Every structure is written in C-alpha cells, then in structure tokens.
Amino acid sequence: MAIPEKLASKKAFTTFEVAEICDVTPVTIQNWIDKDWLHAYRTPGGHRRVLREDLLSFLDSRNIPHIFNERSGPPKILVVDDDKNFTELITDILLLDNPDYEIEIAHDGFRAGLLYANNKPDVVLLDLMLPGVDGFEVCRQIKQSNSGRATVVIAITGLDDPGHKERIMALGASHFLQKLADTSVIRDLVRQSTAARVIDSSS
C-alpha cells in the first residue's frame with residue numbers, strides 16, 4: 001500500500017490522517033492517545049496533532065508494518081555487549097540472514113552512545129550489564145534523543161531478574177530477551193524491526 005501523496009511530507013498529522021495511515025477508525029486513534037500509547041499535542045484551537053516521529057515510534061515499538069519509507073539505504077544495527085564472543089556470534093547470525101545489514105559493535109556504554117549519535121541505527125541490541133555506563137542509561141539516552149523514538153531497542157541480559165525487564169521497558173525498550181534464548185529469536189526480531197523501513201516504494 002503506497003502512502004497517500006498528501007501525507008508523504010507532513011511533519012504532523014490529524015487523528016483522521018493517523019487513522020487513515022493505520023487503517024483503523026479515528027475513535028481507535030483517540031483511544032490510543034487517551035491511554036498514552038500514542039503521544040499527541042493540542043493546537044491553540046484544541047485540536048489533537050501527532051508528530052511524525054511520535055507516530056513512527058509508536059508503529060515501530062509495536063512492530064506494526066507501516067507505509068513510510070522514512071530512510072533509505074540498508075538497515076543499520078548497533079550491537080552493544082562487553083562479551084566479544086557474543087557480539088561476533090550475533091553479527092555472524094544477522095549477516096547470514098541479511099548480508100545488507102550495516103552492523104557496528106560497541107563493548108561499553110560510552111562507545112555505544114558515540115556510535116548511536118553518529119550513525120542513528122534502526123535497531124540497537126543492548127546488553128544491560130555494561131562496564132561504565134550501563135545499558136539502562138544507554139537506553140535512556142537513546143530514547144531521549146531526537147531520533148530515539150524511531151529506534152527499536154532490544155534489551156538482552158544474562159540475568160533472570162523481573163525487575164530489570166520492568167525497568168528497561170519503562171525506559172523505552174521494545175523487547176527484553178535472555179541471553180540463553182535461541183539466537184533465532186534475536187534474528188527474527190531484528191528482521192521484523194527493520195522490515196517496515198525497507199518497503200518497496202513502488203508498492
């Protein structure tokens with residue numbers, strides 16, 4: 001489904017336009033906003049508007065395929081983990097699945113912040129227990145940045161702590177996985193998270 005031309009370059013949308021993009025009713029959009037699932041602001045006249053980045057963040061955080069071809073080029077992925085064997089393993093698995101991925105690696109939180117700021121990856125695979133700046137702080141910084149709303153953060157940890165899951169999800173992560181999980185789960189999540197931005201513009 002091609003995006004309507006009138007919406008292609010807009011920076012903010014009415015609830016009716018968001019409903020058209022999401023293929024739902026305007027009432028559903030109002031409910032999403034009322035539940036604070038979808039961020040909106042009010043105009044001086046009292047009308048609700050949804051910023052483009054907020055809409056993209058909402059769609060991406062729920063793995064909802066959408067019709068914006070917001071970025072060109074291959075999907076960018078940042079793998080953050082202090083275990084070099086793990087980062088090499090994940091990189092190999094992802095490139096085997098899609099050789100076009102642009103993958104960068106950080107082994108500490110400070111380096112992760114620099115790489116994110118410079119390259120604005122689409123997906124960040126983020127270990128929580130990092131030397132120096134931990135994964136929670138990295139996630140917070142990503143989500144508070146201008147581009148962070150559209151970034152899918154997949155938190156990965158070797159610790160089985162429900163408190164960690166609750167905390168990182170509250171900071172804006174889209175997914176939480178144990179390191180002992182099948183690596184195919186990580187592969188599939190990355191594939192799903194990047195699928196929305198590689199839609200054929202002729203479709």
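Predicted model, so just to flag it, every value in this text is computed and none were measured. By convention here, the first residue in the shown sequence is residue 1.
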Taking the side chain as C-beta and beyond, is there a heavy-atom pair between Gln178 and Thr157 under 4.5 Å? yes
Taken to the nearest 0.5 Å, the spacing of Gln30 CD from Phe16 CZ works out to 7.5 Å
Heavy-atom distance under 4.5 Å between the side chains of Leu38 and Val18, does that happen here? yes
Gap between atom CG of Asn98 and atom CD1 of Ile93 - 0.5 Å precision: 14.0 Å
Would you sort out whether Val190 and Leu94 count as a side chain to side chain contact (heavy atoms under 4.5 Å, CB included), showing the intermediate values? CA-CA 8 Å; Val190 171; Leu94 293 179; 4.0 Å; yes
Should Leu55 and Ile21 be marked as a side chain to side chain contact (heavy atoms under 4.5 Å, CB included) after you check the CA-CA gap, both sets of side-chain angles, and the distance that decides it? CA-CA 10 Å; Leu55 176 57; Ile21 291 168; 3.9 Å; yes
Atom pair NZ/CG of Lys76 and Asp122 - distance to nearest 0.5 Å: 7.5 Å
Atom CG in Asp134, atom CZ in Arg140: separation rounded to 0.5 Å? 10.5 Å
Passing option when Phe58 is tested against Trp37, Trp32, Phe13 for ring pair (Phe, Tyr, Trp, His ring centres under 6.0 Å): Trp32
Side chain to side chain contact (heavy atoms under 4.5 Å, CB included), that's the test. Do Asp97 and Arg191 meet it? Break it down for me. CA-CA 8 Å; Asp97 185 53; Arg191 184 190 299 168; 2.6 Å; yes
Donor-acceptor contact present, side-chain Lys143 to main-chain Gly148, <3.5 Å: yes
Do Val80 and Leu130 have side-chain heavy atoms sitting under 4.5 Å apart? yes
In terms of side-chain heavy atoms, does Thr91 have a donor or acceptor partner in Tyr101 at a distance below 3.5 Å? no
Does any N or O in the side chain of Thr28 come within less than 3.5 Å of the main-chain N or O of Val24, such that one atom is a donor and the other an acceptor? no
Do Arg49 and Thr14 come within less than 4.5 Å of each other through their side chains, counting heavy atoms only? yes
Mind checking whether Val153 and Ser174 have side chains closer than 4.5 Å, heavy atoms only? no
Counting only heavy atoms from other residues, nucleotides and ligands, does the tally under 6.0 Å from CD of Glu102 exceed 12? yes
What is the minimum heavy-atom distance between Pro121 and Thr151, and which atoms define it? O-OG1, 3.5 Å
If I take atom CD1 from residue Ile154 and atom OG from residue Ser193, how far apart are they, to the nearest 0.5 angstrom? 4.5 Å
With heavy-atom distances below 4.5 Å as the criterion, would you say the side chains of Leu78 and Leu125 are in contact? no
Below 3.5 Å, can you tabulate the donor-acceptor pairs from side chains in residues 103-115 to any protein atom, sequence neighbours excluded?
| residue | atom | partner | partner atom | Å |
| --- | --- | --- | --- | --- |
| Glu104 | OE1 | Asn119 | ND2 | 2.5 |
| His107 | NE2 | Thr87 | OG1 | 3.4 |
| Asp108 | OD1 | Phe110 | N | 3.1 |
| Asp108 | OD1 | Arg111 | N | 2.7 |

Any donor-acceptor pair under 3.5 Å from Asp83 side chain to Phe86 backbone: yes
With the threshold set at 4.0 Å, does a side-chain nitrogen-carboxylate oxygen contact exist between Asp182 and Arg187? no
Going by the ring pair (Phe, Tyr, Trp, His ring centres under 6.0 Å) test, which pairs reach into residues 119-139, not counting sequence neighbours? Phe136-His164
